[in-house]
There are 2 protein chains.
Amino acid sequence: MSILTAAADVLRCFSSTRHDVTVTDLVTLLGMPKSNASRLLRAMRDEGLLETVGDSKRYRPALLLAQIGQLYRFAASLIDRADAVVGRVSDEIGHTGYISVRRGTEIIGVTAHPGRHALRVVTSIGDRIPAFASSTGRALLARLPDAEVRALYPEGFVAPSETAPRDMDELLARLAETRRNGFAESHDEAVRGVRAISVGLGDPATGDEVALCISFPAATVEPSERLSIIRSLAEGAAEIAALTQDKRFFPLNLSSSETAP
Amino acid sequence: MSILTAAADVLRCFSSTRHDVTVTDLVTLLGMPKSNASRLLRAMRDEGLLETVGDSKRYRPALLLAQIGQLYRFAASLIDRADAVVGRVSDEIGHTGYISVRRGTEIIGVTAHPGRHALRVVTSIGDRIPAFASSTGRALLARLPDAEVRALYPEGFVAPSETAPRDMDELLARLAETRRNGFAESHDEAVRGVRAISVGLGDPATGDEVALCISFPAATVEPSERLSIIRSLAEGAAEIAALTQDKRFFPLNLSSSETAP
DNA sequence: ACTTGAGTTCCATTTTTTGGAACTTCTTTG
DNA sequence: CAAAGAAGTTCCAAAAAATGGAACTCAAGT
């Protein structure tokens, strides 16, 4: 097993709740011998992948990784464009917006725009949520043929909340609805009292796919505001889809959707 | 030589002008045998460090690195706090603000807040500029004793512009001025027509040091506006310095500085 | 069908990596 | 303040991975 595997494992140890690691952290988290952990951290520091915090024995990701992380947004320029749209919509209406990507059956937040309202939805970048039980997830799954969706869940899934799809048939029905409407919607799924509108989007040139999402408290948003969120999001997404010549984009179709929340 | 070295070298190949690499890119950039380049890229992809663009033979940094990059800001929470201050000041006055760190004799942009004005200074994250010839650089160098500054430049340096320090003595004089005033200033140094105000700041607990900077077109900014930029920046920085108990922070001292631009 | 450029696979040799144990700090605590 | 304990580092021979040259595959372009 290459030392690259170990190095990647170390990087995966970092999270929003673990900003730095020590030799013993690695021993317990990854079950590697102390000697390896010690040498590996030092080697990664010497290579510029990690840096020590002050002159302590704690290691954190180095600036190099921060720089490359920044680059990712532009490398995957679809993310950048989508982020601009979500940022604009979020600014306009004051609710939280974010964009996410799918990795297998999980959805990962990539960028976020916190809303301005006192009651706002807080999401954090890097969070993972199940694809089938979120509007972002379904916006992205809707881009796959049903057969591929089935293949993603060979063992089915368990609905985490009342309003999430209960089984594959229900999921596929909601994906069909998403395709028809041009947007996906969730209500009380991941978080009680929260409603979210998502639109999926892709760039055939790079194979990237992202979901644009606006998330807001269900109680305080009028039907008309919800409609205007849907319109803004869909409009912005459609512009990008035209640019990338995304053939799998589903345009907004409000007449087909129930318009009351 | 460990494969980690090679992997880190690959990561260093990425820049704002190179968002992805191929096997041949590595061969020419790093002079490694094709066979190694091919295997290394595949291994890094398998480990989740890189991802292929679409289904082409091009590799770019993977989402994992983007996530870790995000984390860096919070891991180095000094950066986060400083960024908040610069963001606020930049918002208030409409000019471009950014924060940077020093690595050896180079200054690297970490976060940026583009200004609102039509004529604004554009900087990009990850750009490297020489420390001695920029206000950010001198704001950070001023935190070192003169002897350490000398040690950083054993061979001296060559001034890149008229207004940059010409030799070590001139640099040390300007650092002394920076310490006296509590801020560093540049004019026409890196970019003609651009003036910049920077304040240095550190966190003794982690050893991190950052520079807060506001950069603006020299021609359109009145002396009074310049003063208010200096005040806002210094005030915000002083708050953070108090929090981190930064003993090397130089407080604002407007009386000692010439107040006209 | 031929050429060219790009990428991959093969293989014996060389080089790293591994993990247990001994050793060194640093920290805690009696 | 010394002893115990925890955390980290270094050492070593065995085991595993990396190397690089050459042969091979694949896809365009002519």
Side-chain angles (χ1 to χ4, degrees), chain A residues 1-15 17-62 64-65 75 204-208, chain B residues 1-15 17-62 64-65 75 203-208 245:
Chain A
M1 186 187 62
S2 161
I3 196 172
L4 268 186
T5 314
D9 286 343
V10 169
L11 293 184
R12 267 183 280 271
C13 286
F14 295 107
S15 71
T17 56
R18 188 187 302 281
H19 291 160
D20 47 36
V21 298
T22 61
V23 170
T24 11
D25 286 344
L26 288 195
V27 171
T28 55
L29 286 166
L30 304 177
M32 56 167 57
K34 259 199 315 185
S35 48
N36 286 0
S38 173
R39 279 176 306 214
L40 178 56
L41 286 176
R42 182 147 33 94
M44 289 177 75
R45 171 171 58 72
D46 291 347
E47 300 303 345
L49 299 174
L50 302 180
E51 55 190 35
T52 42
V53 178
D55 52 0
S56 72
K57 302 279 162 72
R58 315 193 68 79
Y59 291 80
R60 69 180 180 203
L64 172 65
L65 296 180
T206 63
D208 294 337
Chain B
M1 188 188 64
S2 160
I3 196 173
L4 269 186
T5 315
D9 285 344
V10 169
L11 293 184
R12 267 184 279 271
C13 287
F14 295 108
S15 71
T17 55
R18 187 187 303 280
H19 291 161
D20 48 38
V21 298
T22 61
V23 169
T24 15
D25 286 344
L26 288 195
V27 172
T28 55
L29 286 166
L30 303 176
M32 59 170 51
K34 254 197 322 183
S35 48
N36 288 0
S38 172
R39 280 175 306 212
L40 178 57
L41 286 177
R42 181 147 33 95
M44 291 178 75
R45 170 171 58 72
D46 291 347
E47 298 303 344
L49 299 173
L50 301 180
E51 55 190 35
T52 41
V53 179
D55 52 359
S56 71
K57 302 282 162 77
R58 315 193 68 79
Y59 291 80
R60 69 178 179 206
L64 172 66
L65 295 180
D203 181 349
T206 61
D208 293 336
Q245 305 188 285

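Chain letters run A, B, ... following the sequence lines, proteins first, then strands; residues in each count from 1.
- You'll find that the side chain of Ser2(B) is closest to dT17(C), out of dT8(C), dG7(C), dT17(C).
- The distance from atom CG of Leu29(A) to atom P of dA7(D) is 14 Å, rounded to the nearest whole Å.
- At least one side-chain heavy atom of Leu50(B) sits less than 4.5 Å from a side-chain heavy atom of Leu11(B).
- With dG8(D), dT9(C), dG7(C) as the choices, the nucleotide that has an atom nearest any side-chain atom of Val23(A) turns out to be dG8(D).
- Side-chain atoms of Pro33(A) lie closest to dG19(C) of the nucleotides dG19(C), dG7(C), dG8(D).
- For Lys57(B) and dG5(C), the NZ to P distance is 17 Å, given to the nearest whole Å.
- Although no hydrogens or angles enter the test, the distance criterion places no donor-acceptor pair under 3.5 Å between the side chain of Ser38(B) and the main chain of Ser35(B).
- You'll find the side chain of Leu41(B) stays beyond 4.5 Å of the side chain of Lys57(B), heavy atoms only.
- When rounded to the nearest whole Å, the span between CG of Asp25(A) and C1' of dA7(D) equals 11 Å.
- With hydrogens and angles ignored, the 3.5 Å screen pairs a side-chain donor or acceptor of Thr22(A) with a backbone N or O of Asp25(A).
- Computed from coordinates, the Arg42(B) CZ to dA6(C) P distance equals 19 Å when rounded to whole Å.
- Interface remark: the Arg39(B) side chain does form a donor-acceptor pair with the dG20(D) base, using a distance-only criterion of under 3.5 Å.
- No donor-acceptor distance shorter than 3.5 angstrom exists from the side chain of Asp46(A) to the backbone of Ala43(A), with no hydrogens or angles considered.
- For Leu30(B) and dT19(D), the CG to P distance is 12 Å, given to the nearest whole Å.
- Following rounding to the nearest Å, Asp46(B) (CG) and dT8(C) (P) show an atom-to-atom distance of 11 Å.
- Judged by closest nucleotide on DNA chain D, Ser38(A) is the one of Ala6(B) and Ser38(A) placed further toward the 5' end.
- Between the CG atom of Leu4(A) and the C1' atom of dT17(C) there is a distance of 12 Å, given to the nearest Å.
- Judged by atom type and distance alone, Lys34(B) reaches the base of dG7(C) through a side-chain donor-acceptor pair under 3.5 Å.
- Residue Ser35(B) has no polar side-chain atom (N or O) positioned under 4.0 Å from OP1 or OP2 of dG21(D).
- Separating the CE atom of Met1(B) from the P atom of dA18(D) is a distance of 12 Å, rounded to the nearest angstrom.
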